[in-house]
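Here is the structure we will look at.
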Amino acid sequence: MTTLARATDTLTRDALTVLQPGFAGTTAPDWLLRRLGEGLASVALFGRNVTSPEQVAALTAQLRAEREDVLVAIDEEGGDVTRLEVRTGSSFPGNHALGAVDDVGLTRAVAAELGRRLAAAGVDFNWAPSADVNSNPDNPVIGVRSFGADTDLVARHTAAYVTGMQSAGVATCTKHFPGHGDTGVDSHHAVPHIDVDADVLAERDLVPFRAAIAAGTRAVMSAHILVPALDPDRPATLSRRILTDLLRGELGYDGLIVTDGIEMQAIAGTYGIERGTVLAVAAGADAICVGGGLHDEGTVRRLSDALVEAVRAGELPEERLADAAERVRALARWTAANRPADGAPDTADGDVGLRAARRALRVTAAEDVAPLTEPPYVAALTPVANIAVGNETPWGVAAELGRLLPGTETGSFHGADAGSEALAAAGSRRIVAVVRDEHRHPWMAAALDVLLAARPDTIVVEMGVPRARLRGGLHVATHGAARVCGRAAAEAIAGV
């Protein structure tokens, strides 16, 4: 009985160790602190947990007072996907803007400064960068989160990002393996399929992951996508062929494998989170990301119990769970060894994000365009945000134009009547129309048609992937909707 008790205790601790859960609130709840004492080794932060860098620093200090080696993870890509600056918009442009500049030194510097700020707040594990090659222009969830559609460009910038961020002592988690770029479905909602030959995957999608591994990425995140050429039966997160045979075997990767959010519908809606968690660990995943949607103690209990029961039932080898837990602990040892003594590196480059955003701008002006000198009306043609980006973070150019041209007014428009409604709201003011991924939204293109037919001097600002035809008296492509991208666009529009 004593031996069984010890084994059970170890098994439970290992089950807790492989979970990376979220929670509600801006301070750690009692249940989370208690679970840290019982074996939980990681905690995930989301936008709901953040009000300021100082508050995050206090929160992470609270967590480490309970367990000194806890991994504190966050989904901080910069650009459109920001948690540390969820209320204001990011100080850093995202991957697509960096890819548009195509200066690997700049990408490395941006990632290093972002890593420095995360480290200063006590965060030591970042679920970034996205290494997806955005080969499908209609991709609803990757888009500007990708460095671009060119494989070699994505590979070199992925490696630069990994090197830069990890120089600040923050472990990177390169995602979404084996590549989410050629999908037309968002895995938050359903299982995307990528139906291409294995040779195409090897020459296109896997190349950036090889580059990340060569650069020393400490973690790789799996995608909830079905790739029949690799495994016709199970999505990558649950596929031993993909996680163990391909990623560990063929690509030679020996670091931590993390799942994408296990409560995303691609897994939860087909397998359920308990079964999905067991299958993921059995397939080769070492850590289960959960908390974007489900962030309570009951979820942690359900998943840890499912793992323990699977081991006892012979469905999950105990050695596999133990190996997964040890890989989590190994990453915690790396972050502890590389954590700056004062919480952040000595050097800082606070303006690198704005410099990068300015360099990423592409401005096209009609010959007879008049400069904007009076406060305009900013018509934001607003699409529904995908779950990864969320709708908490402000975007656009109105706030920044308002600082440069006081009296600027703005409104948000969506749907079939967006163009006529924006015209009516603007009155006699010059119009600045702001769009995201016009090429993916027919209603948005139609709204621009209406605006430009009535007001040819309308300024168009594209803050998504700039694939639609250039039009307007002035066309500004920012390659992302981060706050600094909005500022750079406003400067160009106002001529400052």
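If you read the sequence from its start, that first residue is 1, and numbering goes on from there.
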Check whether any side-chain heavy atom of Asp80 sits under 4.5 Å from a side-chain heavy atom of Met463, and report yes or no. no

By salt bridge (Lys or Arg N to Asp or Glu O under 4.0 Å), Arg204 pairs with (sequence neighbours left out) Asp182

Could you measure the distance from the CE atom of Met221 to the CG atom of Asp260? Nearest 0.5 Å is fine. 5.0 Å

Taking side-chain contact (heavy atoms from CB on, under 4.5 Å) as the definition, give me every residue that meets it alongside Cys289, ordered by chain and number, with sequence neighbours left out. Trp127, Val258, Thr259

Who are the salt bridge (Lys or Arg N to Asp or Glu O under 4.0 Å) partners of Asp437, not counting sequence neighbours? Arg440

Glu392 and Arg83 ion-paired at < 4.0 Å: no

If I take atom CG from residue Leu294 and atom CZ from residue Phe23, how far apart are they, to the nearest 0.5 angstrom? 15.5 Å

Rounded to the nearest 0.5 Å, how far does CG of Leu114 lie from CG of Leu84? 7.5 Å

Arg210/Glu250 salt bridge by N-O under 4.0 Å criterion: yes

Is it true that Asp323 and Arg320 have a side-chain N and a carboxylate O under 4.0 angstrom from each other? yes

From the options Ile225, Ile267, Thr270, select the one residue that forms a side-chain contact (heavy atoms from CB on, under 4.5 Å) with Pro235. Ile267

Give me each pair satisfying salt bridge (Lys or Arg N to Asp or Glu O under 4.0 Å) with a member in residues 148-158, each pair once, sequence neighbours excluded. Asp102-Arg156

Ion pair present between Arg145 and Asp132, side-chain N to carboxylate O less than 4.0 angstrom? no

Sorted by chain and number, sequence neighbours left out, ring-ring contact (aromatic ring centres under 6.0 Å, His included) with Tyr161 holds for none

What orientation do Phe177 and Phe209 show, parallel under 30°, tilted 30 to 60°, or perpendicular over 60°? perpendicular

Is the Lys NZ or Arg CZ of Arg483 less than 6.0 Å from the centre of Trp395's six-membered ring, within 45° of the axis? no

Where at least one partner belongs to residues 14-23, residue pairs that pass salt bridge (Lys or Arg N to Asp or Glu O under 4.0 Å), sequence neighbours excluded: Asp14-Arg329

Could you tell me whether Glu77 and Lys175 have a side-chain N and a carboxylate O separated by less than 4.0 Å? yes

